[in-house]
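Input: a single structure, listed below in C-alpha cells.
It should be emphasised that the depicted structure is a prediction, and the values quoted were computed from it without experimental measurement. Atoms considered below: every heavy atom in the structure, side chains included; atoms not considered: hydrogens, waters and symmetry mates.
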Amino acid sequence: MSHNTLILVLVLLGQNVIAENLNITSPPVTDWGEWGVFQKCPEESRAQGFQLKTEEYQGMLVDDSALNGVRLFCGDPFNDTTPSITSSVGDNGNWGTVYSCYPGNIVGFQLRVEPFERSGDETATNNMRVFCSQYEDESRFIEGDGLNEFGEWGETMRCAENQGVCGIQTQVEDCSITSMF
Ligand SMILES: *[C@@H]1O[C@H](CO)[C@@H](O)[C@H](O)[C@H]1NC(C)=O
Ligand SMILES: *[C@@H]1O[C@H](CO)[C@@H](O)[C@H](O)[C@H]1NC(C)=O
C-alpha cells in the first residue's frame with residue numbers, strides 16, 4: 001500500500017531582513033517519501049496566504065493520500081501578480097480554496113496527521129491550520145479544506161515574535177497505485 005505524507009519546514013525571517021533564519025518543523029510522525037526542494041519567498045516578502053492540494057476520501061478499499069501539496073503565497077493571495085512557492089507536490093488531487101492572512105502574514109501552522117494504521121490505510125497529513133499575525137487571539141486560526149475524517153491535530157508550530165513564515169519544504173511520497181488484493 002502506498003502512503004503519501006507531507007511535513008513542512010518553514011523558515012522564519014525577522015522583521016529585519018538580515019535577521020537569522022530559523023526552521024520550524026512539524027513533529028516527525030511519519031517519515032515516508034522524499035523531501036522536496038526548499039523554496040523561499042522573494043526577499044522582503046513573506047507568506048500571507050495558502051492553498052492545499054487534496055485528494056478526496058476514496059473509500060475504505062482505496063488507498064488515500066489526502067493532502068498532497070501546500071502552496072504559500074508571498075503577498076496578497078488574491079492579487080494575480082503575487083508569487084507563490086510549493087516545494088514538492090504529489091500528482092493526485094486538486095488545488096482547493098485560497099485562504100488569506102493578508103494584510104497580515106502567516107506566523108504558525110498546525111497539521112492534522114494520521115500517525116498509525118487504523119482502518120488499513122494511512123493518509124499521513126490530512127489538513128492544515130494557519131495562524132495569522134493580525135489575530136489578537138492566539139488560538140484563532142484558518143483551517144484549510146483538507147480532510148478531517150482521519151487523524152488528529154498535532155502540535156502547533158509558531159514563529160517567534162516579529163517573525164513570519166517565508167519558506168517551505170515538504171515531504172511527499174511519489175504516487176503509486178497499489179491494490180489491496
Ligand atoms: C533550514 O532548512 C533548509 C532546508 O532544509 C536548510 O537549507 C537551512 O540550512 C535550514 N536553516 C537552519 C537555520 O537550520
Ligand atoms: C497587486 O500587486 C502589485 C505588486 O505588489 C501592486 O502594484 C498592485 O497594486 C496590486 N494590485 C491590487 C489590485 O492590489
### Summary
V89 and G69 have their tightest heavy-atom pair at CG1-CA, 4.4 Å
#### Entry: Spacing of Q134 atom CD and Q48 atom CD [to the nearest 0.5 Å]
9.0 Å
### Query
For atom CD of E143, is the number of surrounding heavy atoms from other residues, nucleotides or ligands below 6.0 Å larger than 12?
yes
### Query
Can any side-chain N or O of N68 pair as donor or acceptor with the backbone N or O of G93 at less than 3.5 Å?
no
### Task
Return yes when the gap between the SG atoms of C132 and C101 is under 2.5 Å; return no otherwise.
yes
### Task
Anything under 30° is parallel, anything over 60° is perpendicular, the rest tilted; go ahead and classify F141 against F131.
perpendicular
### Message
Let me check something: do V130 and F78 share a hydrophobic cluster, defined by ILVMFWY side-chain heavy atoms less than 4.5 Å apart, either directly or through other members?
### Response
no
### Message
I'd like to know if the side chain of T170 reaches the main chain of S88, judged simply by a donor and an acceptor atom lying under 3.5 Å from each other, with no hydrogens or angles considered.
### Response
yes
### Task
Could you verify whether a donor N or O on one side chain and an acceptor N or O on the other, from N127 and N148, lie under 3.5 Å apart?
yes
### Message
I need the I142 CD1 to F109 CZ distance, nearest 0.5 Å.
### Response
15.0 Å
### Message
Membership question, hydrophobic clusters at under 4.5 Å side-chain separation (ILVMFWY): are L52 and F73 in the same one?
### Response
no
### Message
Using 0.5 Å steps for rounding, measure from the CD1 atom of I106 to the CD1 atom of I168.
### Response
8.5 Å
### Query
Between the side chains of T82 and D76, does any donor sit under 3.5 Å from an acceptor?
no
### Query
Out of curiosity, does V70 fall in the hydrophobic cluster containing W153 (side-chain heavy atoms, cut-off under 4.5 Å, transitive links)?
no
### Task
Determine the minimum heavy-atom distance between N126 and V113, stating which atoms define it.
ND2-C, 4.3 Å
### Message
Could you check whether any side-chain N or O of Q110 sits under 3.5 Å from a backbone N or O of E155, counting only pairs where one atom can act as donor and the other as acceptor?
### Response
no
### Message
Has Q169 got a side-chain atom pairing as donor or acceptor with G36's backbone, closer than 3.5 angstrom?
### Response
yes
### Query
What's the spacing between S87 OG and K40 NZ if we round to 0.5 Å?
14.0 Å
#### Entry: same_hphob_cluster(I85, V107) at 4.5 Å side-chain heavy-atom cutoff
no
#### Entry: Evaluation steps, side-chain contact (heavy atoms from CB on, under 4.5 Å), between Y99 and D145
CA-CA 9 Å; Y99 298 96; D145 55 359; 3.2 Å; yes
### Residue pair R112 / R129, side-chain heavy-atom distance below 4.5 Å
no
#### Entry: Within 6.0 angstrom of D137 CG, more than 12 heavy atoms from elsewhere
yes
#### Entry: Minimum side-chain heavy-atom gap V165-N105 below 4.5 Å
no
### Message
So which atom in P42 and which in S45 form the shortest heavy-atom distance, rounded to 0.1 Å?
### Response
O-OG, 2.7 Å
### Query
How long is the span from the CG atom in N94 to the CD atom in Q51, to the nearest 0.5 Å?
10.5 Å
### Query
When hydrophobic residues are tied together by side-chain contacts of less than 4.5 Å, even through go-betweens, does Y102 share a cluster with Y135?
no
### Query
If you measure from the SG of C74 to the SG of C166, is it under 2.5 Å?
no
#### Entry: Spatial distance of atom CG (L147) from atom OG1 (T54) [nearest 0.5 Å]
6.0 Å
### Query
Passes side-chain contact (heavy atoms from CB on, under 4.5 Å), C41 versus R46? Steps please.
CA-CA 6 Å; C41 283; R46 47 186 65 202; 5.6 Å; no
